[in-house]
Amino acid sequence: MTDNNRTFCDVVQPQILGINPYVPGKPVSELQRELGLTYISKLASNENPLGASPKAIEAIQNALTEIARYPDGGAYALKSTLAKCLDVSVEQLAIGNGSNELLELVARVFAGSADEIIYSQYGFAVYPISAQIVGATGVEIPAVQYGHDLPAMLAAITSKTKIVYLANPNNPTGTLFNRTALETFLSQVPREVVVVLDEAYVEYAQAQQTESDYPNGIDYLTIYPNLLVSRTFSKAHGLASLRVGYLVGCTEIIQYINQVRAPFNVNALALAAAEAALKDTGFVEKVITLNQQGMRQILEALSQLNIEHIPSVGNFVCINLGEKALEINERLLHEGVIVRPVANYGLTDFLRVSIGTQVENQHFIDALKSILQDIT
Ligand SMILES: Cc1ncc(COP(=O)(O)O)c(C=O)c1O
């Protein structure tokens, strides 16, 4: 509404009106403001409880002297390091302002108002939003046991389908599909349909699964030029606030992505930190070990409390609290624990809990125990 009471709803692009904006986890500072709490555990955004690698922080400090200059829009140094790590060429890489930006750019490159984009029920929220932004029809395929039904997604492909978004593992459910399922799917997808395999939690999943259980998307790029793999520095590398992600694919598609992205979409501090973080494999190992211990800690407590969960290979778990889930969420906030309601995904009975440090996890467990005792 403008000051003279006119609205812009009849001039805004029609598809924008229907967008349900992404709902982020509640920031710590907001809860501090609202409830005046000082001791807060944020387990709401699948962030890294160990922070970032000290080497990434050092790289940021070194890069600070150059902040008056534009960053390297071609991200040469980061791409070269990534190319070596992944055994791909520099031309196969696009760097994004978080992988979020890249997921959306794929939609902008390939889909328009006459097209369809397929994703799974309970799939990551950015997929339907990306479809809506470009005016494409989002086709949501019912999940099986909270995970992707790849055969049904395949069967839903029509001549209008431009993109299929897959998350492995998926957020918020933590479910995964295995190597055979992915191979069967990819071998039948028409070559002109772009498959985006979102591997935001690849490090956690790889550590928990055998190679045959968890496919590495990069392995399939030479066989399937229509496959794009997206990854991020926000999770295991602990750089969520810096916003860096990357897309790996065939050089032609990557060139289109680079044509539409903003010239300096990733800032210099983020580029420097990501490069240093990538090299610090010891830090990522520590993160993974902590995650495994934390997952065990939380699952043991849930089992003692007789609370069901969706088995997860990520750094988070969705727990079933029945019809009181939202009430319990409110009460957890009052105990200083921020978790994530997932009612916006249709998972009204669930709360998603990110795995934190031992102390944060215990804060959550103790708060949940006392709330449940009180409620029942
Ligand atoms: C499955 C999945 N993909 C992509 C992202 C986006 O991450 P970022 O934009 O921070 O790289 C997230 C973030 O939570 C995610 O869970």
Side-chain angles (χ1 to χ4, degrees), residues 24-25 27-29 41-88 90 93-103 171 198-207 218 229-248 261-262 264-294 314-316 354-360:
V28 170
S29 55
S41 298
K42 185 181 176 208
L43 302 174
S45 301
N46 302 343
E47 293 153 343
N48 194 325
L50 284 186
S53 149
K55 291 184 182 153
I57 292 166
E58 193 186 326
I60 293 170
Q61 277 156 351
N62 293 337
L64 275 174
T65 52
E66 294 299 311
I67 58 167
R69 300 195 184 282
Y70 285 100
D72 173 7
Y76 176 82
L78 175 57
K79 278 196 206 166
S80 304
T81 309
L82 267 173
K84 269 193 215 122
C85 285
L86 303 172
D87 197 18
V88 297
V90 166
L93 291 162
I95 310 295
N97 196 268
S99 56
N100 200 326
E101 181 191 24
L102 297 162
L103 296 169
N171 171 24
D198 179 348
E199 294 187 337
Y201 301 91
V202 60
E203 296 86 356
Y204 299 107
Q206 266 173 350
I218 308 283
V229 177
S230 76
R231 292 188 180 172
T232 181
F233 286 95
S234 300
K235 307 297 174 185
H237 293 98
L239 301 180
S241 79
L242 292 180
R243 315 301 303 124
V244 205
Y246 58 95
L247 195 64
V248 202
R261 70 170 173 80
F264 304 108
N265 60 333
V266 183
N267 73 73
L269 304 185
L271 290 173
E275 192 193 345
L278 196 60
K279 291 176 180 163
D280 194 351
T281 50
F283 175 77
V284 175
E285 277 166 28
K286 270 194 224 153
V287 170
I288 286 166
T289 304
L290 185 77
N291 187 60
Q292 287 172 330
Q293 290 165 346
N315 64 341
F316 54 90
S354 304
I355 308 301
T357 60
Q358 199 272 342
V359 171
E360 289 169 331

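One is the number of the first residue; the rest follow in order along the sequence. Treat the numbers as computed from the prediction; the structure is a model and nothing was measured.
Between the side chain of Lys79 and the backbone N or O of Ile95, no donor-acceptor pair lies under 3.5 Å. Side chain of Asn46 to backbone of Ser354: no donor-acceptor contact under 3.5 angstrom is found. Under a 3.5 Å cut-off, the side chain of Ser53 and the backbone N or O of Lys55 do form a donor-acceptor pair. The backbone N or O of Tyr76 sits less than 3.5 Å from a side-chain atom of Asp72, completing a donor-acceptor pair.
Asn48 contributes atom CG, which lies 8.0 Å from atom CG of Leu290 (distance to the nearest 0.5 angstrom). Note that CD of Glu275 is 12.5 Å distant from CG of Asp280, once rounded to the nearest 0.5 Å. How far CD of Glu66 is from CG of Leu269: 10.5 Å, rounded to the nearest 0.5 Å. With rounding to the nearest 0.5 angstrom, the NZ atom of Lys84 is 10.5 Å from the CG atom of Leu278. A distance of 8.5 Å separates CG of Asp198 from CG of Asn171, quoted to the nearest 0.5 Å. Once rounded to the nearest 0.5 Å, the distance linking CD of Glu203 with NZ of Lys235 reads 11.0 Å.
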Show your working on side chain to side chain contact (heavy atoms under 4.5 Å, CB included) between Leu78 and Val266 and close with a plain yes or no.
CA-CA 11 Å; Leu78 175 57; Val266 183; over 6 Å; no

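The aromatic rings of Tyr246 and Phe233 sit tilted relative to each other, their planes meeting at an angle between 30° and 60°.
The one candidate from Ile218, Leu102, Leu82 that meets the side-chain contact (heavy atoms from CB on, under 4.5 Å) condition with Arg231 is Ile218.
Counting all heavy atoms, side chain and backbone alike, Ser230 lies closest to Leu247 at CB-CD1, 3.6 Å. Looking at every heavy atom in both residues, Ser99 comes nearest to Thr232 through OG-CB, 3.8 Å. For the residue pair Leu271 and Ala75, the shortest heavy atom distance occurs at CD2-CB, 3.8 Å. Across all non-hydrogen atoms, the minimal contact from Glu101 to Asn97 is OE1-N, 2.6 Å. In this structure, Gly314 and Asn291 approach most closely via the heavy-atom pair O-ND2, 3.3 Å. Closest non-hydrogen pair, Ser45 versus Gly25, comes out as OG-CA, 3.6 Å.
At a threshold of 4.5 Å between non-hydrogen side-chain atoms, the residues Val287 and Asn315 do not count as touching. The closest side-chain heavy-atom distance from Leu86 to Leu93 is below 4.5 Å.
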